[in-house]
Amino acid sequence: GTLRSRCCKVRCVAAPAQEVTTGVKRNENIGKLQAGYLFPEIGRRRRAHQEKNPDAKIISLGIGDTTEPVPKSIADAMQKAAAGLATLEGYSGYGAEQGRGEVRQAICDRFYSHVGRKANEIFVSDGSKCDIGRLQMMFGASTSVAVQDPSYPVYVDSSVIMGMTDGYDESSKGFGKLEYMVCRPENDFFPDLSNARRTDLIFFCNPNNPTGAAATRKQLEELVAFARKNGSIIIYDAAYAIYISDPERPQSIFEIPGAEECALETCSFSKYAGFTGVRLGWTVVPEQLRYSDGFPVINDFNRIMTTVFNGASVVAQAGGFACLQDEGFKEMQELVAFYKENAAILRTTFKELGFSVYGGEDAPYVWVGFPGKPSWDVFAEILERCNIVTTPGSGFGPAGEGFVRASAFGHREDILEAVERFKKEFGGR
Ligand code: MLT
């Protein structure tokens, strides 16, 4: 006993922990990023607030994470698939890297055959965020990129990590070489394309995360014409397309003639059927989409998927297939309708309180204006006064400054409690 404690003491004093390094140089592109990924950073601030106020009942309108159970017929299908794995007949190992044929066909039948897409153009995956990373790997570091500003942080951060940008510029609050296409109330949240620089890739999220704006047919026609004129490829993120109710606002970029020659589309079951934890999405790459030398992009995406992906989970794919059957599809639409009611409740409340409110009609995000105030300060104030987590607009890009995003994903009682707290704290602001 004494000997051991003496040894320990000696070691602690005489040999302070020496930092051991490897010979590997850090990827300087990752070093360009300013902070951690947005949502873990928000989680950190939430935990700090909870530690300071242990009794606070914090409500999250922050990260867009689904809260309601997976609909029954869909969960049943996954249960059955999981149980099947324990039997000789139901067991399966690796599947096709592109996804099961019947799942690709069902996605096509539900969402794409009326706009000319084919099942072989659909690649089933573990989600859009992952596909965005793989698309970046496919296009490579030497492509130039445009994003909507504000935008889903994955487009920007993955472009930085890949080396498609220069460093962060403190004065513009953006990364060099990246084209920020400003989307604010003044331009109906649709970029002024007459002033946009040509880039190889255009990330376009519609309905938009975070502003909740959904583009009209005419606006998307403009976008497609712009991409075609410049020989650009649109990476169209339709993760919230099912939230669109206005028939004048397309749900797929392929509703626009000519898009098949300048766009690919990624989508996900996450916000459709509560699959944020289950993980299932897809990307559509039209056969007609070509590189400058005429080589089909679909061949390269197939090469990427077969190389760094081994196919989506068989259990998740059984769930996805059930989502696309009549019963599952109906259940899924009811789930979406529930979140849309939440969005309407939030929207109405902020309006009644006299804020400028955008989004929340064709999207699960409500975009609330706090002009002249840094949005991280607004975030902190709402957390402090209401015990409610939001997402600061500037976390989505420089043009998000002056706004916060409220997510409509939540239990109804939490949404109702949240609006009561807003009314109490901001009623006489
Ligand atoms: C968000 O809050 O923006 C979502 O979590 C985005 C995502 O699906 O990754």
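Read the numbers this way: they start at 1 and go in the same order the structure lists the ligands and their atoms.
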Original post:
Under 3.5 Å between some N or O of ligand 1 and some N or O of Gly64?
Top reply: yes
Original post:
Taking non-hydrogen atoms only, is Val154 closer than 4.0 angstrom to ligand 1 via side chain, backbone, both or neither?
Top reply: neither
**OP:** Would you list the pairs meeting salt bridge (Lys or Arg N to Asp or Glu O under 4.0 Å) in which at least one residue belongs to residues 192-216, sequence neighbours left out?
**Re:** Glu179-Arg197, Arg198-Asp200
Original post:
In terms of atom number and element, which parts of ligand 1 are under 4.0 angstrom from non-hydrogen atoms of Phe39?
Top reply: 1 (C), 2 (O), 3 (O)
**OP:** Compute the shortest N/O to N/O distance between Lys129 and ligand 1 and return yes if it is under 3.5 Å, no if not.
**Re:** no
Subject >> Test item, Asp65 contacting ligand 1 (heavy atom, 4.0 angstrom) >> reply: no
**OP:** With heavy atoms of Ile63 as the reference, note each atom of ligand 1 found under 4.0 Å away.
**Re:** 2 (O), 5 (O)
**OP:** Hey, can you tell me if Phe269 and Phe275 have their rings parallel, tilted or perpendicular (30° and 60° cut-offs)?
**Re:** tilted
**OP:** List every atom of ligand 1 that sits less than 4.0 Å from any heavy atom of Tyr365, numbering the atoms from 1 in the order shown and giving each element.
**Re:** 1 (C), 2 (O), 3 (O), 4 (C)
**OP:** For the pair Tyr168 and Phe175, name the ring-plane relationship: parallel under 30°, tilted 30 to 60°, perpendicular over 60°.
**Re:** perpendicular
**OP:** Check the angle between the aromatic planes of Tyr155 and Phe203 and answer parallel, tilted or perpendicular using the 30° and 60° thresholds.
**Re:** parallel
Subject >> Pick from Tyr152, Phe396, Phe409: the one approaching atom 6 (C) of ligand 1 most closely through a non-hydrogen atom >> reply: Tyr152
Original post:
Salt bridge between Glu334 and Lys330, side-chain N to carboxylate O under 4.0 Å?
Top reply: yes
**OP:** Identify the protein heavy atom lying closest to atom 4 (C) of ligand 1, giving its residue, its atom name and the separation to 0.1 Å.
**Re:** Lys271 NZ, 3.6 Å
Original post:
Is Arg134 paired with Asp131 through a side-chain N to carboxylate O contact shorter than 4.0 Å?
Top reply: yes
Original post:
Angle class for the Trp367/Phe403 ring planes (parallel below 30°, perpendicular above 60°, tilted otherwise)?
Top reply: parallel
